[in-house]
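Some notes on the structure that comes next.
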Amino acid sequence: MVTEDISKAIRRIDAVSKSKGTIKYLSDYDLDDYLWGRLVRSSIPRGIIKKINLPDLPEGYFFVSAKDIPEGGKNYLHMIATDWRCFADGDVKYVGETIGILCGPDKTLLEDLYEEINIEYEEAEPAVSIDEGIACKGGAFINGNNIHCSLKLEVGENVDSVFARADKIIEETIETGFQEHVYLETNAAACKKVGDKYQILASAQCPFYIRKSIAPVLGIKPEDIVVQQTTTGGAFGGKEHFPDVLCGPLLLAAYVTGRGVKMIFDREEDIEFSVKRHPSKVMFKTALDKDGNIMAMDSKVYYNVGAYLASSFVVLQRGCFHVTGCYKFPSFRTEGFGVATNTFPSCAFRGFGAPQTLFAVETHMCHIAEKLGIDPLEYKSRYFIKQGDVTSTNGRVVERVMIPEMLNQVLDASDYKRKSREYKYGSGRGIGISFYNHGGAFTGNGESAIIKAKLRLHKYPDGRVEILCGQTEMGQGFHSIMPKIVSRVLEIPMEKVVFDDPNTDRVPDSGPTAASRSTMIVGYLAEKAANLMKPRYDKEEEFEVETNYEHPEGYPWDQASFQGYAYLGYGWGVCVVEVEVDPCTGEVTTRGIWSSHDCGHLIDELIVHGQTNGGILQGIGWASTEVLENVKGHFKQTSISDYIIPTSMDHPKQGVYYVENAYRWGPSGAKGMGELVFNGSGAAYIDAVSRAIGKRISAIPCPTERVMDYMLHGHDFKEEF
Amino acid sequence: MDKTISFKLNGEAVSITTDPLRRLLDVLREDFKCHGVKEGCSEGECGACSVLLNGEMVTPCLIPLGAADGQEVVTVEGITATEKGDIIVQAFADGGAVQCGFCIPGMVVAAYYLLSRNPNPTEDEIRLGISGNLCRCTGYDLIVESIKLAASRGGDIWKK
Ligand code: FES
Ligand code: FES
């Protein structure tokens with residue numbers, strides 16, 4: 001029973017079955033009666049499909065494409081926007097765009113047939129990078145200007161008038177690259193008609209998203225599709241909307257063939273043809289007074305959205321909301337642009353647009369400080385945001401901000417101050433520091449206006465209580481924390497609380513497993529429901545209680561102008577990284593990683609610890625070795641031998657610390673944390689490396705050869721920007 | 001051309017008539033239903049498919065079935081059925097080593113292989129021991145701690 005402090009670690013309910021390998025992922029299901037599906041994709045980034053030459057298909061083999069969409073069906077996937085086509089029709093806009101799905105019973109024969117397919121194109125010139133997109137290379141293909149979406153935010157006095165009286169203006173551009181999720185289980189999904197409904201099995205984060213997204217393809221209702229999530233071997237945002245891209249074609253294939261159809265990506269396919277983190281370019285213009293104080297910060301934020309908008313406007317918004325980081329500037333403006341290019345559409349990845357701008361502002365702040373000859377920590381400290389301060393959207397920070405306390409923890413643990421003093425710039429040793437936050441849950445009134453989460457608890461006669469909601473376990477531990485929350489309130493053993501992988505026909509829609517909202521929002525609904533259940537638990541044999549999300553009063557938000565309280569609870573973080581750089585090779589050795597986070601009251605300290613370790617390492621990977629280049633529309637790295645993620649040898653054991661800052665509207669005071677822990681380690685790492693080499697680093701990833709390049713050709717901190 | 005291949009799988013004599021060039025990974029998963037052997041990369045890089053072949057840790061995604069003829073194969077299913085394997089499983093569960101779980105069976109095999117050779121590994125030796133196994137979730141620290149826990153809990157058992 002969980003009666004003592006809820007933070008005390010429990011055993012995850014899935015730990016033993018996962019360690020023994022007995023838990024079933026989709027590839028472990030017996031789906032022998034299903035056909036195999038294989039997506040046939042565009043091999044060029046832009047052009048017209050002249051002709052699809054298919055080999056003779058033996059009986060029982062099918063090629064399904066846009067032409068098979070029945071009357072009343074629509075050729076799109078509904079992923080916030082509805083522009084992503086289920087099948088390319090007439091033209092193609094990126095390498096890997098789905099043209100059709102080849103289906104058949106024998107996988108080897110299917111591969112052979114696939115190899116024989118030949119598609120004739122009339123190729124057009126693609127735009128691949130942000131710059132090429134903006135320049136409309138090859139002609140604009142979206143909105144006449146290749147801008148999918150844009151927004152503008154302003155706080156305080158108009159920045160242009162501040163610039164007019166500034167003592168100095170610093171202009172700098174910071175860039176970040178693509179990042180691949182590399183969840184260890186590749187994408188997998190299956191679809192079959194069972195009775196009068198289509199049943200989807202999928203390794204996915206958001207079962208309700210899938211049915212809503214793909215139902216238009218057959219012109220049916222979302223309720224005509226049942227989605228069962230299968231044990232998901234990692235996701236990180238990569239299985240938020242992307243499963244729709246598998247499930248749409250599978251649905252049509254099941255309709256056409258009358259058979260079950262399944263698809264399991266191999267790793268190469270998964271890296272080459274799946275969504276990525278948006279590459280970004282942030283152009284700062286910062287006004288300083290004669291003492292080097294920031295008077296105003298102006299920025300232009302460009303995200304490489306790829307060919308389709310899908311969820312990217314929301315990603316861009318979050319990016320712009322976070323471009324001021326943990327700081328308050330007297331005057332601020334940002335303009336964000338989602339740029340259309342002929343690359344695989346970018347989509348959700350842990351942090352959802354916030355890491356890019358946070359990396360940018362942290363790095364820019366370091367560079368200003370170093371130009372002025374001030375320790376970055378001291379300089380950044382001047383601008384820390386506090387409770388009650390105005391945010392980037394003219395709301396206020398509602399909660400207490402414990403950056404000073406968190407800072408003390410990491411300073412003590414890392415000995416930052418001494419090292420920062422002693423390690424001279426360019427000495428081969430460096431220590432770096434970053435500050436970051438992450439707004440928990442959907443922006444503004446999104447939870448009440450769009451998501452409207454619902455959760456039910458069902459009590460059975462034998463005393464068991466089942467949690468019914470759409471939240472998925474994807475590794476983050478949610479299916480262990482929820483029973484913990486419920487068991488604690490009801491004072492019943494954890495074993496009596498049941499929480500299965502969601503099935504959309506059985507559970508209410510509690511919104512996506514995304515946006516660091518699951519514990520904060522849905523966990524709170526569970527705690528409330530358990531409190532409603534408690535007085536009736538002993539008296540009634542079998543009953544259900546339901547809770548619905550209610551937005552706290554008094555925190556207005558206007559989605560049209562992006563003004564007001566964007567987030568009621570932020571997670572906050574401080575990270576210090578220490579490195580040593582080999583002066584001959586540029587090879588970086590990480591000497592230490594320390595972090596402190598405020599994620600409210602911890603529901604389970606061991607689960608939070610594990611999330612922290614993983615997020616921080618993923619962030620350092622993003623900033624260092626995870627190079628993913630796109631050359632003429634094709635990803636150059638296509639396997640995990642050339643796309644390099646951190647191994648157990650690459651970084652030392654982390655020091656992790658937390659502060660206690662209970663959140664008013666979270667279960668036992670918990671806030672979101674899954675994305676927060678990704679958001680800042682990259683900036684701390686790059687700060688450390690750039691100090692070690694004595695050169696400004698303004699673009700990531702920065703693997704050994706680029707470190708070397710900066711060492712040879714980079715700019716000293718004192719040089720003009 | 002099909003051939004009959006006989007080997008020992010988790011202590012039991014088995015044989016199968018099939019194409020000896022099929023990947024050992026596929027045969028273990030499809031024909032012998034050893035689903036704990038995971039496919040993460042198909043190119044010997046991720047370690048999710050790790051098994052023991054004659055006591056040595058190998059990646060069966062790169063090995064043709066024929067290579068197992070007359071040999072001894074132990075998978076995560078075989079390991080976790082032993083006392084030593086159970087110590088690792090329990091330590092992983094208590095130590096918070098497990099997140100999405102997809103890399104974990106391979107990690108269990110690597111931990112077993114390491115502790116069987118080195119009952120008292122240092123932090124660095126553990127990190128080296130699992131360096132062929134990629135994990136995208138955990139950042140490795142709690143896996144390393146859990147292996148230390150298994151070493152101390154097992155004590156002399158690892159010397160047997
Ligand atoms: S699947 Fe064998 S090493 Fe990755
Ligand atoms: S636990 Fe997910 S890859 Fe290791």
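Residue numbering restarts at 1 for every chain, and letters A, B, ... go by the order of the sequence lines. As a basis for the values below, the full set of heavy atoms in this structure was taken, side chains included, without hydrogen atoms, waters or symmetry mates.
Ranked by heavy-atom pairs under 4.5 Å with chain A, the list Glu77(B), Glu39(B), Lys38(B) is led by Lys38(B). Between chain B and the options Leu184(A), Asp32(A), Asp14(A), heavy-atom pairs under 4.5 Å are most frequent for Leu184(A). Ranked by heavy-atom pairs under 4.5 Å with chain B, the list Gly475(A), Gly21(A), Pro646(A), Ala15(A) is led by Gly475(A). Taking Pro652(A), Ser480(A), Gly614(A) one by one and counting their heavy-atom pairs under 4.5 Å with chain B, the maximum is reached by Gly614(A). The greatest number of non-hydrogen atom pairs below 4.5 Å with chain B, out of Ile620(A), Thr647(A), Val656(A), is found for Thr647(A). Contact tally against chain B (heavy-atom pairs below 4.5 Å) for Lys24(A), Glu626(A), Glu268(A): the top residue is Glu626(A). Note on Glu43(B), Glu145(B), Gln90(B), Glu30(B): by heavy-atom pairs under 4.5 Å with chain A, the leading option is Glu43(B). Of the listed residues Gln476(A), Lys20(A), Glu473(A), His651(A), the one with more heavy-atom pairs under 4.5 angstrom with chain B than any other is Lys20(A). Of all the listed residues (Thr75(B), Leu128(B), Ile88(B)), the one sharing the greatest number of non-hydrogen pairs under 4.5 Å with chain A is Leu128(B).
At least one donor-acceptor pair closer than 3.5 Å links the side chain of Asp141(B) to the backbone N or O of Gln654(A). In this structure, Lys276(A) contributes its side chain and Ser274(A) its backbone to a donor-acceptor pair below 3.5 Å. Not one N or O on the side chain of Glu578(A) forms a donor-acceptor pair closer than 3.5 Å with the backbone of Gly592(A).
Salt bridge annotation for Arg29(B)-Asp28(A): present, with a cationic side-chain nitrogen under 4.0 angstrom from a carboxylate oxygen.
Side-chain atoms of Gln229(A) and Thr232(A) form a donor-acceptor pair, as typed in the model, at a separation below 3.5 Å.
Residues Val144(B) and Lys653(A) fail the side-chain proximity criterion, which asks for heavy atoms closer than 4.5 Å. Side-chain contact between Pro701(A) and Trp622(A): absent, with no pair of heavy atoms (C-beta onward) separated by less than 4.5 Å. Counting heavy atoms from C-beta on, the side chains of Leu134(B) and Tyr140(B) come closer than 4.5 Å.
Residue pairs meeting the side-chain hydrogen bond (donor to acceptor under 3.5 Å, both in side chains) criterion with at least one member in residues 62-73 of chain B, sequence neighbours excluded: Asn54(B)-Gln71(B).
In terms of heavy-atom proximity, Ile5(B) sits nearest to Ala68(B) at CG2-C, 4.5 Å. Met474(A) and Gln205(A) get closest at one heavy-atom pair: SD-CG, 3.2 Å.
For Ile23(A), the part lying near chain B is the backbone, with the side chain staying farther off; criterion is any non-hydrogen pair under 4.5 Å. Within the 4.5 angstrom heavy-atom criterion, atoms from both the backbone and the side chain of Ser639(A) approach chain B. Interface remark: Leu617(A) contributes side-chain atoms only to the contact with chain B (heavy atom separation under 4.5 Å). Contacts between Ser17(A) and chain B at a heavy-atom distance below 4.5 Å are absent for every atom of the residue. Interface remark: Thr138(B) contributes backbone atoms only to the contact with chain A (heavy atom separation under 4.5 Å).
Against chain A, the residues from residues 116-127 of chain B that qualify, each with a non-hydrogen atom under 4.5 angstrom away, are Glu123(B), Arg127(B) in number order.
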Tell me which donor-acceptor pairs under 3.5 Å the side chains of residues 92-114 of chain B have, and how far apart each pair is, sequence neighbours excluded?
residue: Asp94(B); atom: OD1; partner: Arg11(A); partner atom: NE; Å: 2.7
residue: Asp94(B); atom: OD1; partner: Arg11(A); partner atom: NH2; Å: 3.2
residue: Asp94(B); atom: OD2; partner: Arg11(A); partner atom: NH2; Å: 3.3
residue: Asp94(B); atom: OD2; partner: Arg153(B); partner atom: NH1; Å: 3.0
residue: Asp94(B); atom: OD2; partner: Arg153(B); partner atom: NH2; Å: 2.8
residue: Gln99(B); atom: OE1; partner: Gln611(A); partner atom: NE2; Å: 3.1
residue: Gln99(B); atom: NE2; partner: Gly610(A); partner atom: O; Å: 3.0
residue: Tyr113(B); atom: OH; partner: Glu56(B); partner atom: OE1; Å: 2.6

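Remark: Phe499(A) pairs with His479(A) by the ring pair (Phe, Tyr, Trp, His ring centres under 6.0 Å) rule, at least two apart or across chains.
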